[in-house]
2 protein chains.
Amino acid sequence: MDTTCDQHGSWDVYLKSCPCRDVLDLLANKWTALVLGVLAQRAHRFGELRRAVGGISQKMLTQNLRNLERDGFVSRKVFPTTPPTVEYALTPMGAEVSAHLVALSTWSQSNFDRIRDARSTYDTRSLEPVN
Amino acid sequence: MDTTCDQHGSWDVYLKSCPCRDVLDLLANKWTALVLGVLAQRAHRFGELRRAVGGISQKMLTQNLRNLERDGFVSRKVFPTTPPTVEYALTPMGAEVSAHLVALSTWSQSNFDRIRDARSTYDTRSLEPVN
DNA sequence: CTGGATCCTGGGGGATACTG
DNA sequence: CAGTATCCCCCAGGATCCAG
């Protein structure tokens, strides 16, 4: 069928309705790599995290953290102080994935020059007619 | 400033308007990991690719392939046959990133059981009041 | 077969205001 | 400080039709 993959605990993410698509969607999210990347350095409080990930809105950060917490990538510890203190950290499982994601964002940083070149090549090429 | 990062060819993806955010957005896309994952096995024609990545629409596949081609991750070779034949393949740079992305989707597959557990724990916990 | 062009809807995601 | 709730807009993305 379409949704079952197989019965032995192995899934094929290339199938349309494979349940682990959810996980991949979460990990391959606009913000996830950055959030987990920051948490990979050390635990952060909410406001810290918000400032460390430039441009993320409060709503999106909350939403992402909830999802990451639900799937077991992030732990949320509340200290009953006033004003409230909440600390987010990676779980062991979160550390595993963050390694891959950090590799990705690091790669993007250090290879951006090659990509700029590729873009300008592509853009100029699409202007010239067949020559 | 906010957008410049530094002047020596190094960028900080954690800054709001860092240009390599574009790249990360492309790579951390719902479909990119799957498309590059399929192409990592061998070159594919458009229809093949569409069928290999279950659930992707023709529009999204085209769009993704254009972006991936523009940034130099995928090559597009047209054979002047009738009906037209177009073959997509990874560039060397595409092979580099696909390695990271494949690692990610593979991880999602093989650890989905742990995530299922984390979810059910989270869901049942949120039902119980403080005990 | 490989796409481009169009129409249209759902929800992603920002801004703002309010609570504990 | 760390959220939740609401309003609302915009566009990602599916469906459909058409073309080389």
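All chains are named by letter (A, B, ...) in the order of the sequence lines, taking the proteins before the strands, and each is independently numbered beginning at 1.
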**Fill in**
Shortest non-hydrogen pair, T32(B) vs L26(B), comes out as OG1-O, 2.6 Å
Report yes if some heavy atom in the side chain of [X] is under 4.5 Å from a heavy atom in the side chain of [Y]; otherwise report no.
X      : Y      : value
R51(B) : F46(B) : no
L34(B) : R21(A) : yes
R42(B) : E48(B) : yes
S75(A) : Y88(A) : no
R50(B) : Q58(B) : yes
V38(B) : H44(B) : yes

Is [X] close enough to [N] that one of its side-chain N or O atoms is under 4.0 Å from OP1 or OP2 there?
X      : N      : result
R76(A) : dG3(D) : yes
R66(B) : dG3(C) : yes
R45(A) : dA2(D) : yes
Y88(B) : dC1(C) : no

**Prompt:** At under 4.0 Å between heavy atoms, what does F79(A) touch on the DNA or RNA strands: base, sugar-phosphate, or nothing?
**Reply:** nothing
Can you name the atoms? Protein N/O to nucleotides 10-13 of chain D N/O, anything below 3.5 Å, with the distance.
from, atom 1, to, atom 2, distance (Å)
dG13(D), N7, K59(B), NZ, 2.9

To the nearest angstrom, how far is [X] atom [atom1] from [N] atom [atom2]?
X      : N       : atom1 : atom2 : value
L49(B) : dG3(C)  : CG    : C1'   : 14 Å
F46(B) : dG3(C)  : CZ    : P     : 6 Å
I56(A) : dG13(C) : CD1   : P     : 10 Å
D25(A) : dG11(C) : CG    : C1'   : 14 Å
L61(A) : dT4(D)  : CG    : C1'   : 14 Å
R51(A) : dA2(D)  : CZ    : C1'   : 12 Å
H44(A) : dC1(D)  : NE2   : P     : 15 Å

**Message:** Any N or O donor-acceptor pair under 3.5 Å from the base of dG14(C) to the side chain of Q58(A)?
**Reply:** no
**Item:** End-to-end axis angle, where each axis spans five pairs of the helix from dC1(C)-dG20(D) to dG20(C)-dC1(D), to 10°
**Value:** 50°
**Asked** Hey, quick one: are L90(A) and V102(A) part of the same hydrophobic cluster, counting side-chain heavy atoms closer than 4.5 Å, chains of contacts allowed?
**Response** no
**Message:** On DNA chain C, compare the nucleotides closest to G55(A) and P84(A); which residue's is nearer the 5' end?
**Reply:** G55(A)
**Prompt:** Excluding sequence neighbours, so at least two apart, what forms side-chain contact (heavy atoms from CB on, under 4.5 Å) with L104(A)?
**Reply:** L27(B), H100(B), L101(B)
